[in-house]
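Note that the coordinates shown come from a computational prediction; the quantities given were computed from them, not determined experimentally. Worth knowing before you read on, the calculation uses all heavy atoms, side chains too, and leaves out hydrogens, waters and symmetry mates. Letters A, B, ... mirror the listed sequences (proteins, then strands); counts begin at 1.
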Protein chains: 2
Amino acid sequence: MTSAPKRRRRPDARPDEILDAALAVFSAKGFAAARVEDIAREAGLSKGAVYLYFASKEAMLNGLVEQSAGELAKGAEQLVALGAPQDPETAFRGLLRMLFAAMGDPDINAAPRLVFAEAGRFPEIAAHYRSQVLDVARRALRALLAAGVESGAFRDVDADAFMRATGGPGIAHMALTSIFGFPPDQLTDPAEMADALADILLNGLKPRVPAL
Amino acid sequence: MTSAPKRRRRPDARPDEILDAALAVFSAKGFAAARVEDIAREAGLSKGAVYLYFASKEAMLNGLVEQSAGELAKGAEQLVALGAPQDPETAFRGLLRMLFAAMGDPDINAAPRLVFAEAGRFPEIAAHYRSQVLDVARRALRALLAAGVESGAFRDVDADAFMRATGGPGIAHMALTSIFGFPPDQLTDPAEMADALADILLNGLKPRVPAL
DNA sequence: TGTTTATAACTGACCAGTCAGTCAGTAACA
DNA sequence: TGTTACTGACTGACTGGTCAGTTATAAACA
């Protein structure tokens, strides 16, 4: 932006810059159709320079996924660990709010979207995401559920159904908004959306009152 | 397989055969990385022959999506229309069972998976799926919800949150099983999974009993 | 016979990855 | 201070291979 000299010496920042550019291009065109030259241009470099930092196009994809997986896993674990023991219901509401905020933001959900689209063709990526993100999320949700059951806030529902009930709507939200351009009819704000969903799920998780 | 003559005349069956083959190859490699010659071989033809039936690779993708969208929309509409007026709860359970059975079966969910992965790059496909599948599903769910509210079985929750709460877990199930190879810990059977989820959601949708 | 259905060889465009060379900066010396 | 020698980040043209779509030709029918 500011009159930067053409040759800037900052090799330590380059890998991240290239990964940012790669995410943008992969996200727009998909891995196979993305051209390395486009990534290079987006990063303000020539194609050759990109190969000084990454051995191949696939290495960029791997780097990208690793980065994103790390962030996601950290976020999920932190959030649940923070709120779970004290107040499972509030922690659950917070988790859904965070999930919908993230999944509704095209900048944030770009990486998960990419993983969704490409993981089928890259077993290594699928395995990495599974162990670094999904397994972590499952453990966190399991802990949250257990805490809720112990405190009497939740019924002892199946953990895998609980995981699908919690994470699924977030994925649906992502797909509807960022892939299909589906605007919600009523609830524009992701936080309201999250609260409406929390309202359904928390009610569903409550121990059944023996009425009716 | 069986000693079929090399030149068989059955042009009326060809388009569907080619679409089947295209789905298999697109699903395995993604649209961009799929080779038309692979599709042709999978269909037992030469590449040139494929171009007698489809003008381009993209035309195959379009045909595929159109076919799949038609089936999905029909299924969703029928199921809800059948059960809604009489017994919304039972209809909802049936819908979830059907959803999980479909989303858990790699043969059936191949087309939706493909659409998920590619719709971002093909606005026409996204628009088609949206109008032919998503809008139809939304209407159907809205009707089911309204019927449930009227009969007193459901609370009057937000329709879009309801849509995400219902469809989302199905998508999550698809992703976990077919993309990430995530085996459920407890519930192997999709029908059990659907019932566990219905248990959570139906309880959540019930009018709140003023206790606690 | 003419028409339909198919093939296989071909073309032209495209692109991942390479590499010989360029240039900005820097440091040591005079 | 100006000069020389050096480094390593960067460039862009090139190569080798791939693949969508075309076409000349032929077999199978009617």
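- Between the A/Thr177 side chain and the A/His173 main chain, a donor and an acceptor come within less than 3.5 Å of each other.
- Once rounded to the nearest 0.5 Å, the distance linking CG of B/Asp38 with NZ of B/Lys29 reads 4.5 Å.
- Listed candidates were D/dG21, C/dT18, D/dT11. Nearest to the side chain of A/Ala49 is D/dT11.
- Across D/dT11, D/dA9, D/dA20, the shortest atom-to-atom separation from the side chain of A/Tyr53 is found for D/dA9.
- Along DNA chain C, the nucleotide nearest to B/Val50 and the one nearest to A/Phe31 differ in position, and the one closer to the 5' end is contacted by B/Val50.
- Looking only at side-chain heavy atoms (C-beta outward), B/Asp160 and A/Asp185 come within less than 4.5 Å of each other.
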Between N or O atoms, less than 3.5 Å apart, protein on one side and nucleotides 15-17 of chain D on the other: list the pairs.
none

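- With rounding to the nearest 0.5 Å, the separation of CG in B/Asp16 from CG in B/Leu23 is 12.0 Å.
- A/Ile39 places its CD1 atom 15 Å from the P atom of D/dT11, with the value rounded to the nearest Å.
- Within 4.0 Å of A/Ala34, counting heavy atoms only, lie sugar-phosphate atoms of the nucleic acid but no base atom.
- Rounded to the nearest 0.5 Å, atoms NZ (B/Lys57) and OH (B/Tyr51) are 8.0 Å apart.
- Electrostatic pairing of B/Glu71 and B/Lys74 does not count as a salt bridge here, judged by no charged N lying under 4.0 Å from a carboxylate O.
- The distance from atom CG of A/Leu61 to atom P of C/dG17 is 12 Å, rounded to the nearest whole Å.
- You'll find that the side chain of A/Arg35 is closest to C/dC15, out of D/dA20, C/dT5, C/dC15.
- Nucleotide C/dT5 holds its P atom 12 Å from the CD1 atom of B/Ile18, rounded to whole Å.
- The CZ atom of B/Arg41 sits 11 Å away from the C1' atom of C/dA8 (whole-angstrom rounding).
- Following rounding to the nearest Å, A/Lys47 (NZ) and C/dC14 (P) show an atom-to-atom distance of 13 Å.
- Inter-residue side-chain proximity for B/Phe54 and B/Leu19 is flagged as met; some heavy-atom pair is nearer than 4.5 Å.
- The distance from atom CG of A/Asp38 to atom P of C/dC15 is 8 Å, rounded to the nearest whole Å.
- Between the P atom of C/dC10 and the CD atom of B/Glu37 lies a distance of 14 Å, rounded to the nearest Å.
- Candidate nucleotides C/dA6, C/dG17, D/dA20 were compared by shortest atom distance to the side chain of B/Leu45, and C/dA6 ranks first.
- Of the candidates D/dC10, C/dG17, C/dT7, the closest approach to any side-chain atom of A/Leu52 belongs to D/dC10.
- Following rounding to the nearest Å, A/Lys57 (NZ) and D/dT18 (C1') show an atom-to-atom distance of 13 Å.
- OP1 or OP2 of C/dA6 has not a single side-chain nitrogen or oxygen of B/Tyr51 nearer than 4.0 Å.
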